[in-house]
Amino acid sequence: MSTTTENKFQEIISHAKEYGFVFQSSEIYDGLSAVYDYGPYGSELKKNIRDYWWKSMTQMHENIVGLDAAIFMHPLTWKASGHVDNFSDPMIDNKDSNKRYRVDHLIEGLADTLREEGKKEEATALINKMDQLLAAEDFIALKELLISNNIKCAISGTANWTDIRQFNLMFSTEMGSVAEEANTIYLRPETAQGIFVNFLNVQKTARMKIPFGIAQTGKAFRNEIVARQFIFRMREFEQMEMQFFVRPGTQKEWYEYWKEARLQWHLSLGLPAEKYRYHDHVKLAHYADAALDIEYEFPFGFKEVEGIHSRTDFDLKNHQLLSGKKMQYFDNDIDPATNKPYGNYIPYVVETSIGLDRMFLLILSHSFAEEKWTKEDGKEDSRVVLRIPAKIAPLKLAILPLVKKDGLPEIAREIMNDCKGSFRCFYEEKDTIGKRYRRMDAIGTPFCITIDHQTKEDQTVTIRYRDTMQQERIPLAQVKEKVLAATL
Ligand code: ATP
């Protein structure tokens with residue numbers, strides 16, 4: 001990361017803490033690595049992102065329904081899904097510092113430095129080589145790649161590496177009170193398996209016909225070794241996943257459909273298209289026949305925010321095998337090739353999987369701006385503003401009486417009572433109006449209204465727009481519909 005991008009990222013992290021968006025977990029005990037808590041405005045923003053996703057998936061798609069499965073699942077789930085055997089990352093330890101690294105992170109770190117030095121082709125060649133070796137699971141050559149590129153441990157400064165080993169990322173715990181009888185169970189590393197094991201329950205009870213989807217949001221846990229970059233990579237995080245069940249043979253077209261539809265979802269928030277790109281996977285996960293990442297240009301470079309995976313019938317087939325329960329669907333549509341119903345089959349699955357916390361970081365990265373300008377009187381002025389898309393802003397409207405007297409607070413309270421059932425409002429009478437505006441800018445509130453003495457005479461208020469800082473007088477009666485129109 002260059003100094004300017006590093007600075008911008010550090011400023012975003014400080015801002016997130018100072019204004020009640022994100023706190024380090026158990027901060028009074030010096031925190032817990034890669035675990036975070038969301039404060040008053042953070043929890044609102046997170047909920048709004050989740051709701052926006054949920055609505056676009058379920059309410060806007062007649063053939064997608066929701067589910068809320070438990071975090072704990074039968075241990076065989078993770079055997080069937082392949083996570084017990086395959087959910088691991090190649091790791092390497094530095095013998096001098098005893099620090100453990102993910103091999104791909106070490107190599108990506110070097111590639112980032114090369115790019116910053118303008119050596120783009122070298123960086124691409126390095127990443128391509130790494131992808132190739134990862135796909136072949138050739139750990140000897142991968143270690144050679146580290147050594148030949150002189151990649152060193154950031155702490156010891158040496159290249160005294162162990163061999164590369166696989167390290168499973170699942171957290172385990174015990175269920176049951178008596179130790180001898182206790183079963184090892186896992187904290188789910190993805191929400192998807194809750195959907196797969198409930199596939200027939202949902203299909204039958206909601207009377208779904210293929211193609212259809214099941215959407216779910218919830219916590220997932222991964223014992224990430226290199227957990228850095230703030231909430232980008234956490235050990236406890238939240239996913240928003242949708243599994244779309246399709247007829248075998250049609251997965252390619254649904255994969256293309258969801259690839260496009262999911263990018264459009266991001267753009268529908270007003271996020272800039274040039275900050276996005278697709279990245280096709282070279283090394284496919286054990287369950288996939290096609291996969292790509294939707295990447296966003298964070299302050300520390302283009303990184304994955306969402307994955308689109310064509311998971312074939314891998315999961316359902318293995319759950320059928322290990323549980324002994326049929327995971328088949330009867331398709332009574334007529335197959336034009338045979339003139340008979342398609343009949344029984346295990347559906348194929350296309351998955352869309354986005355990290356809620358990563359999306360939150362994306363929104364903060366996009367929104368955060370420091371602005372400086374010269375006022376009419378020649379004096380310098382500045383502000384920090386979060387240009388959060390109005391639809392997901394933590395607060396939609398600030399209601400600010402100019403002074404604490406002359407009946408202005410009473411009018412403001414009336415407006416508050418009229419609006420607070422429809423969207424999140426904020427009332428404040430302390431400090432100068434300028435200071436109050438700045439605080440609202442800093443937490444991304446798109447609209448402020450000021451109630452002054454003129455309001456009493458002509459029932460108008462001053463509305464101030466966060467992004468332009470423009471102010472205009474509008475009738476009080478128009479406030480609610482104006483805010484609703486911009487935020488629904
Ligand atoms: P990465 O390569 O960054 O480790 P992944 O490819 O393992 O991610 P998936 O298993 O595809 O990720 O998970 C889907 C989404 O969940 C990711 O696109 C990301 O947004 C989110 N996610 C995964 N791991 C984490 C994590 N440790 N912290 C926060 N979000 C995560």
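When a ligand or atom number is given, it counts from 1 through the structure's own listing order.
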| field | Residue of the set Lys317, Arg311, His319 for which side chain to side chain donor-acceptor pair (under 3.5 Å) holds with Asp315 | value |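 The passing option is Arg311.
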| said: Check this for me: Phe302, atom CZ, are more than 12 non-hydrogen atoms of other residues, nucleotides or ligands nearer than 6.0 Å? | reply: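 Yes.
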Review item, side-chain donor-acceptor pairs of residues 352-364, under 3.5 Å, at least two apart:
unit_1 : atom_1 : unit_2 : atom_2 : d
Ser353 : OG     : Glu241 : OE2    : 2.7
Asp357 : OD1    : Glu238 : N      : 2.7
Asp357 : OD2    : Tyr38  : OH     : 2.7
Arg358 : NE     : Phe232 : O      : 2.8
Arg358 : NH1    : Glu304 : O      : 3.0
Arg358 : NH2    : Phe232 : O      : 3.1

| message | Can you see whether Asn94 engages Thr158 through a side-chain donor-acceptor pair at a distance of less than 3.5 angstrom? | response |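 Asn94 vs Thr158: donor-acceptor pair found between side chains.
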| task | Indicate the ring-plane relationship of Tyr296 and Phe298, choosing parallel, tilted or perpendicular according to the 30° and 60° boundaries. | result |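 If you compare the ring of Tyr296 with that of Phe298, the planes turn out perpendicular.
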| Pocket residues of ligand 1, ordered first by chain and then by residue number (heavy-atom cut-off under 4.0 Å) |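 Correct list: Arg102, Arg222, Glu224, Phe232, Arg233, Met234, Phe237, Gln239, Glu304, Val305, Glu306, Gly307, His309, Ser353, Gly355, Arg358.
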| task | Before accepting this row, confirm whether a basic side-chain N of the pair Asp441/Arg383 lies closer than 4.0 Å to the acidic partner's carboxylate O. | result |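 Yes.
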